[in-house]
Amino acid sequence: MKPEDLTARVEEFLAAHDPAATPPGEFLHARYRAGLAWVAFPEGYGGLGLPRAMQPQVDKLFAAAGAPDNNPRRNGIGLGMAAPTILAYGTPEQKSRFLEPLWCGDEIWCQLFSEPGAGSDLAGLATRAVLDGDEWVVNGQKVWTSGAHNADFAILVARTDPDVPKHRGLTYFLCNMHDPGVEVRPLRQITGEAEFNEVFLTDVRIPDAHRLGAVGQGWEVANATLNNERVAIGGAAMPREGGMLGLVAESWRTHPDNHTPELRDRLLKLWVESEVARLTGTRLRQKLAVGQPGPEGSAMKLTFAKVNQQLTGLDLELRGEEGLRYEDGDGWAMVRPEHVDFGGRDAVYRYLRAKGNSIEGGTSEILRNIVAERVLGLPGEHRVDKDVSWKEIPR
């Protein structure tokens, strides 16, 4: 389909569904069914089978018409991680059941991967899933679960076979967060908020029909999810001098009395690094338009974490005493927010929130290993647990 044909299709849809007169939920479902949600997805699943590069064209047309969006900040995990994984590994029934309410914002998703006993080693997780008839009984604990307090469903990885090496005994599930046995507890962060949570699973029963991929294929499916996550965090489209860099540049311009040669040098260095990262992200999105995310997303996410933390620290210094105030919103009051916020609110909040950038979405240490081994082709680290069954690994 040519760009002008796609434009005509959007205009025809808008003529039949006036954004000002159509209820937002009805509008979003109609847009999905017209194939104008994810245009790169197949027909019948919110798309038209078009190149991914045509998505911005569609989004701009809808935004210009004042059309409602699906509140992507509230459902970032669903849109950026769950949806592409369900598309890649789901059955036709799973795609039909989950993709439409996910895109339309009817169902919010979270991610049940990390565990307190596994550290950064996702393959070492201990949450168990045991088959009982046509259901899996799940017991375990997950941690650092962003938005679990708002979520309706979760992407979950659990151990289904402890007798094989750790990477081969995992299976991937779609878990209803409202089912009996699912308990969500807040984790208060340095910002004062409880954006993260710990989740306890006690005899949670998941239908086998909600297993994504084959039994034992969980590591492969989880890696597809993680590749999408890192691209979503580190490879987002950004204008020149956008994002956190734009906020810091504005601080430089509005606080001339605080200028020093050292701060100027740091700002210029970070400006260059941010611009390199932005252009690299553009190249990565061009590659995604013709394929699937690979380990390059790990390098982007690694860069995002480092630069974001340095920029937020520089912002405080540029603001002087003003930068020490934490007055926005409720300050350090315990709040359970609706969405993840990397760049909003005041400078102190951004500085504190950025400390989590090098942990969430894969720790920077793990991402350096991925870049070294999968991008640069360097020899892998020696692993004593590689061919040992999970149950025999000391813990």
Side-chain angles (χ1 to χ4, degrees), residues 70-91 94-95 97-118 122 125-130 135-160 170-187 194-213 215 217-219 221-229 232-233 336-340 360-362:
N70 54 4
N71 197 359
R73 293 179 71 193
R74 187 166 185 257
N75 202 16
I77 290 174
L79 294 167
M81 298 165 60
T85 309
I86 292 171
L87 179 68
Y89 291 93
T91 64
Q94 290 169 337
K95 296 173 190 176
R97 162 61 185 87
F98 291 110
L99 290 178
E100 182 171 348
L102 188 161
W103 188 85
C104 295
D106 299 335
E107 293 173 346
I108 306 301
W109 287 69
C110 67
Q111 176 191 18
L112 299 178
F113 279 25
S114 298
E115 294 189 7
L122 176 60
L125 62 84
T127 294
R128 285 281 278 125
V130 178
E135 294 181 321
W136 293 85
V137 181
V138 182
N139 286 277
Q141 180 187 355
K142 299 291 182 175
V143 74
W144 313 128
T145 308
S146 299
H149 53 289
N150 298 318
D152 301 295
F153 281 90
I155 45 179
L156 163 70
V157 183
R159 187 163 304 282
T160 50
L170 304 175
T171 303
Y172 197 111
F173 299 96
L174 309 177
C175 175
N176 189 327
M177 292 294 288
H178 301 296
D179 276 349
V182 179
E183 180 186 0
V184 179
R185 300 181 189 173
L187 283 175
E195 165 199 317
F196 294 148
N197 303 269
E198 52 184 348
V199 178
F200 294 84
L201 306 164
T202 306
D203 293 332
V204 178
R205 304 188 77 88
I206 300 178
D208 189 55
H210 288 183
R211 168 176 47 83
L212 197 64
V215 175
Q217 195 183 11
W219 181 250
V221 183
N223 268 281
T225 300
L226 294 173
N227 283 335
N228 283 295
E229 177 185 28
I233 294 176
R336 307 192 81 181
E338 285 289 305
H339 55 77
V340 175
E360 58 200 338

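Across all their heavy atoms, H178 and D152 have their closest contact at NE2-OD1, 2.8 Å. Listed here is the closest heavy atom pair of L212 and G90: CD1-CA, 3.4 Å. Between P337 and H149, the shortest heavy-atom distance links the atoms O-NE2, 2.8 Å. Here the shortest heavy-atom pairing between V157 and A222 reads CG2-CB, 4.0 Å. A82 and I155 get closest at one heavy-atom pair: CB-CG2, 3.9 Å.
Shown here are the salt bridge (Lys or Arg N to Asp or Glu O under 4.0 Å) partners of E115, two or more places apart in sequence or in another chain: K142. In terms of the side chain to side chain donor-acceptor pair (under 3.5 Å) criterion, residue partners of E107 (sequence neighbours excluded) are, by chain and number, R97. Residues satisfying the side chain to side chain contact (heavy atoms under 4.5 Å, CB included) test with A158, not counting sequence neighbours, are T127, A129, F173. T202 pairs by the side chain to side chain contact (heavy atoms under 4.5 Å, CB included) definition with N139, not counting sequence neighbours. In this view, R185 and E183 satisfy the salt bridge (Lys or Arg N to Asp or Glu O under 4.0 Å) rule, not counting sequence neighbours. With sequence neighbours left out, the side chain to side chain donor-acceptor pair (under 3.5 Å) criterion links N71 to no other residue. Every residue was checked against the side chain to side chain donor-acceptor pair (under 3.5 Å) condition with D179, not counting sequence neighbours, and none meets it. Checked against side chain to side chain contact (heavy atoms under 4.5 Å, CB included), A148 has the following partners two or more places apart in sequence or in another chain: C110, T145, M177, V184, N197, V199. Among residues two or more places apart in sequence or in another chain, the side chain to side chain donor-acceptor pair (under 3.5 Å) test is passed with N150 by none. Considering only residues two or more places apart in sequence or on other chains, F98 meets the ring pair (Phe, Tyr, Trp, His ring centres under 6.0 Å) condition with W109, F153, H210. Qualifying ring pair (Phe, Tyr, Trp, His ring centres under 6.0 Å) partners for W144, counting only residues two or more places apart in sequence or in other chains: none. Scored by the salt bridge (Lys or Arg N to Asp or Glu O under 4.0 Å) test, R159 finds no partners at all (sequence neighbours excluded).
Between W219 and L122, the closest side-chain pair of non-hydrogen atoms falls below 4.5 Å. Counting heavy atoms from C-beta outward, V143 and F196 have side chains that stay 4.5 Å or more apart.
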- Query: Where do L156 and I206 land on the side-chain contact (heavy atoms from CB on, under 4.5 Å) test, with the steps shown first?
  - Reply: CA-CA 10 Å; L156 163 70; I206 300 178; 3.6 Å; yes
- Query: Can you list the steps and then say if V204 with V137 is a side-chain contact (heavy atoms from CB on, under 4.5 Å)?
  - Reply: CA-CA 5 Å; V204 178; V137 181; over 6 Å; no
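N75 places no side-chain N or O within donor-acceptor distance of the main-chain N or O of W103, the cut-off being under 3.5 Å.
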